[in-house]
Q: 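Right, I'll just put the structure down here and ask away after.
The chain is numbered in sequence order, starting from 1.
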Amino acid sequence: MPNNRRSRIITQGFARSPNRAMLRAVGFDDGDFDKPIVGVANGHSTMNPCNAGIQPLVDRAMAALKSADAKPQVFGFPTVTDGIGMGTEAMKYSLVSREVIADSIETVVGCAGMDGFVAIGGCDKNMPGSIIAMARLNRPSVFVYGGTILPGCITSAPDKKLDIVSVFEAIGAHANHKISDAELQAVEQCAVPGPGSCGGMYTANTMASAIEALGVSLPNSSAQDAISPAKMDDCRRAGACVIDMLKKGIRPLDILTKKAFENAITVVIALSGSTNAVLHLLAIAHAAKVKLSLDDFTRIGKHVPVLADLKPSGKHLMSELVAIGGIRPLMKTLLDAGLLHAGALTVTGETMAETLRNVKPYPAGQTIIRPLDQPVKKNSHLVILRGNLALEGAVAKISGKEGLQFSGKAIVFESEEKALKAILNGTVKKGHVIVIRSEGPKGGPGMREMLSPTSAIMGKGLGKEVALITDGRFSGGSHGFVVGHVTPEAYVGGVIALVENGDLITIDAEKRELTLEVPSAELKKRKKAWKKPAPRYTRGVLAKYAAHVTSASLGAVTDADLKL
């Protein structure tokens with residue numbers, strides 16, 4: 001089968017003379033029309049540090065494809081960053097952008113008749129958006145992670161290595177009069193020193209690791225500094241890899257199997273990764289037509305320990321893990337323990353076991369990744385809760401440091417902004433269960449991340465004294481006793497919509513239950529009086545998203561129930 005099987009439809013034959021005329025205007029000559037057309041989809045942007053360093057990576061991938069006798073074509077996809085939109089109305093566009101990115105890549109690759117593509121992205125929505133597009137198109141393709149940021153440094157802070165979460169938590173400390181105006185400004189000025197994605201095991205680094213475990217990026221792509229020779233070489237190898245996949249006939253759906261998703265879940269748990277991985281892996285599996293559910297996270301989580309001592313709940317940054325070998329030695333440990341599927345295929349054409357066969361262990365004395373027999377937590381920190389308050393499930397991030405059970409009186413807020421104000425001004429007290437609702441996929445819309453409230457809680461010193469539940473979601477930088485993705489969400493009449501101030505709520509991570517301690521007769525009475533709110537948006541992308549998006553328990557996808 002020719003390497004230009006897709007593109008020859010628009011480049012071959014007399015009838016395609018107009019098509020070729022258009023391509024000649026962008027640099028094609030006679031010899032190029034027999035070459036495979038390979039796209040380089042990328043999220044380069046000067047709007048955020050996560051994607052600001054991507055252009056050199058694009059150039060390197062383009063050069064590699066030219067060397068492999070392909071005809072590369074570059075195009076961009078839209079990108080936003082959570083760190084800039086966080087805590088404001090702007091954040092409602094964040095999760096929406098995952099769908100926009102997937103749609104954009106699918107549209108361009110499909111319309112241009114590309115034979116394959118390299119996708120390069122630096123933010124957490126770039127990554128699942130790209131992989132969703134890879135699954136939909138099922139053309140040879142490789143994902144390249146833009147890389148992690150280096151830490152910011154400040155000598156006056158107790159933790160001298162800073163990142164963006166340090167700034168959010170400093171706001172809470174400032175409100176609690178623990179740091180001065182000048183100290184807050186100093187943290188702000190030093191925390192984000194240059195290009196790269198947020199520095200802990202937050203959502204970007206979590207999803208990069210999950211994608212490597214899925215097998216759709218090259219070995220070690222997830223654990224490289226954004227500005228480094230290793231990342232440049234990753235792009236070179238990715239370009240060559242797509243051509244090799246074309247020759248061998250390897251496509252994404254050959255790789256994105258149920259076993260691949262189980263490998264990804266295992267690695268995310270071992271790394272103490274973000275709750276967003278649950279949402280994104282469910283969405284990618286939907287695109288790949290693989291049956292994956294919340295119950296798979298519970299099943300796998302019973303047997304996989306947390307081994308990484310990484311921020312936000314741990315001590316170390318991703319750049320420190322990069323320095324000792326990245327995630328490959330951890331994956332080798334998991335493989336040797338029988339916790340990874342050895343035979344899962346990767347973009348290299350080798351199995352997972354074959355790609356790990358020569359991986360060396362971590363250096364002696366390192367403290368970032370624990371041995372299997374000395375875990376940070378013996379089972380998963382991602383706990384799927386059910387109960388009368390989450391009939392379709394909720395996702396808790398329980399490191400164990402905050403305890404395994406919490407009961408307290410509800411204090412209810414209809415938006416993130418109102419909750420944050422109450423946390424900072426002292427309205428929220430020890431023993432409260434903060435309920436932030438109307439922030440779900442449909443109700444927000446867009447399922448905003450609650451990094452501002454959770455960071456304020458930590459900064460105020462209430463991390464072990466209060467809990468927070470929401471039908472929204474959490475940044476990978478959030479920690480504390482937090483439960484997100486509560487489904488059904490408030491907007492569709494889920495029980496979270498019926499909670500009143502003073503109600504007793506119990507979160508039990510051992511029993512995996514989220515319970516509103518209110519008699520069922522009273523809940524029926526409240527449900528009868530409840531009225532569905534009017535949609536917040538009636539035009540534009542947020543309105544379209546709210547109209548089509550599914551529950552968070554299904555991955556908040558937008559193409560599940562389209563009627564043709």
Side-chain angles (χ1 to χ4, degrees), residues 77-80 82 85-86 88-108 110-111 123-126 128-133 135-137 276 278-289 292-294 390-395 414-417 436-450 470-474 484-498 527 530-564:
F77 51 72
T79 185
V80 299
D82 300 352
M86 196 73 71
T88 74
E89 194 81 357
M91 186 61 188
K92 292 182 178 181
Y93 290 91
S94 172
L95 185 59
V96 176
S97 75
R98 184 189 74 185
E99 308 304 299
V100 175
I101 290 164
D103 292 349
S104 298
I105 295 173
E106 179 188 359
T107 299
V108 175
C111 186
C123 271
D124 47 338
K125 309 311 175 300
N126 295 178
S130 295
I131 310 308
I132 288 168
R136 290 179 187 171
L137 290 158
N276 280 316
V278 178
L279 195 72
H280 295 325
L281 287 172
L282 288 172
I284 296 167
H286 168 76
K289 299 181 181 178
L292 193 72
S293 73
L294 291 176
L391 295 174
E392 295 176 6
V395 182
E414 296 296 338
S415 72
E416 177 187 3
E417 289 89 345
I436 304 178
R437 66 190 179 198
S438 305
E439 292 284 8
K442 287 183 175 293
M447 206 177 179
R448 286 193 290 182
E449 291 181 343
M450 302 293 135
T470 180
D471 53 6
R473 59 196 176 96
F474 294 109
H485 308 200
V486 174
T487 54
E489 62 174 289
Y491 183 78
V492 300
V495 175
I496 191 172
L498 311 180
K527 182 61 182 285
W530 177 81
K531 293 182 179 180
K532 186 175 182 177
R536 289 175 170 169
Y537 298 86
T538 58
R539 293 288 188 274
V541 68
L542 293 180
K544 287 190 286 186
Y545 181 85
H548 291 288
V549 70
T550 63
S551 166
S553 63
L554 300 175
V557 298
T558 55
D559 62 346
D561 299 306
L562 298 181
K563 300 296 188 294
L564 301 178

Q: Can you tell me how far the CZ atom of Arg473 sits from the NE2 atom of His485, to the nearest 0.5 Å?
A: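 Between Arg473 CZ and His485 NE2, I get 7.0 Å after rounding to 0.5 Å.
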
Q: Kindly compute the distance separating CZ (Phe77) from CD1 (Ile105), expressed to the nearest 0.5 Å.
A: 5.0 Å

Q: Quick check: closest heavy atoms across Val492 and Pro488, and the distance to 0.1 Å?
A: CG2-CB, 3.8 Å

Q: How close do Glu414 and Ser438 get, heavy atom to heavy atom, and via which atoms?
A: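 Taking every non-hydrogen atom into account, OE1-OG, 2.8 Å.
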
Q: Looking only at heavy atoms, which two atoms of Leu281 and Leu292 are closest? And how far apart?
A: O-CD2, 3.7 Å

Q: For the residue pair His286 and Asp559, establish whether any side-chain heavy-atom pair is separated by less than 4.5 Å.
A: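 Yes, close enough: below the 4.5 Å cut-off.
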
Q: Could you state the interatomic distance from OH (Tyr93) to OG1 (Thr88), rounded to the nearest 0.5 Å?
A: 10.5 Å

Q: Under 4.5 Å between any side-chain heavy atoms of Pro535 and Tyr491, yes or no?
A: yes

Q: Which heavy-atom pair separates Ser415 from Arg448 by the least distance, and what is that distance?
A: CB-NH2, 4.4 Å

Q: Under a 3.5 Å threshold, yes or no: a donor from one side chain and an acceptor from the other, between Thr558 and Glu99?
A: yes

Q: Please name the pair of heavy atoms, one in Val80 and one in Ser97, separated by the smallest distance, quoted to 0.1 Å.
A: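 Closest pair (atom of Val80, atom of Ser97, distance): CG2-OG, 3.6 Å.
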
Q: Is it true that Lys442 and Asp471 have a side-chain N and a carboxylate O under 4.0 angstrom from each other?
A: no

Q: Check this for me, if you would: do Glu416 and Lys92 make a salt bridge, where the nitrogen-to-carboxylate-oxygen distance has to be below 4.0 angstrom?
A: no

Q: How long is the straight-line distance from CD of Glu489 back to OG of Ser553, given to the nearest 0.5 Å?
A: 10.0 Å

Q: Just wondering, do Thr79 and Lys125 contact through their side chains at under 4.5 Å, heavy atoms?
A: no

Q: Looking at side-chain heavy atoms only, is the closest gap between Glu449 and Asn276 below 4.5 Å?
A: yes

Q: When rounded to the nearest 0.5 angstrom, what distance separates OG1 in Thr107 from CZ in Arg136?
A: 8.5 Å

Q: Determine whether Thr470 and Met447 satisfy the following criterion, side-chain contact (heavy atoms from CB on, under 4.5 Å), listing intermediate values before the conclusion.
A: CA-CA 10 Å; Thr470 180; Met447 206 177 179; over 6 Å; no

Q: Between CZ of Arg98 and CD1 of Ile131, what distance do you get to the nearest 0.5 Å?
A: 12.5 Å

Q: Any side-chain heavy atom of Val557 sitting closer than 4.5 Å to one from Ile132?
A: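 No, their side chains stay 4.5 Å or more apart.
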
Q: Evaluate the side-chain proximity of Leu95 to His280: yes if any heavy-atom separation is below 4.5 Å, no if none is.
A: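 Yes; the side chains approach each other to less than 4.5 Å.
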
Q: Between Ile496 and Ile436, what is the shortest heavy-atom contact and its length?
A: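 Smallest heavy-atom distance, with atoms named: CD1-O, 4.4 Å.
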
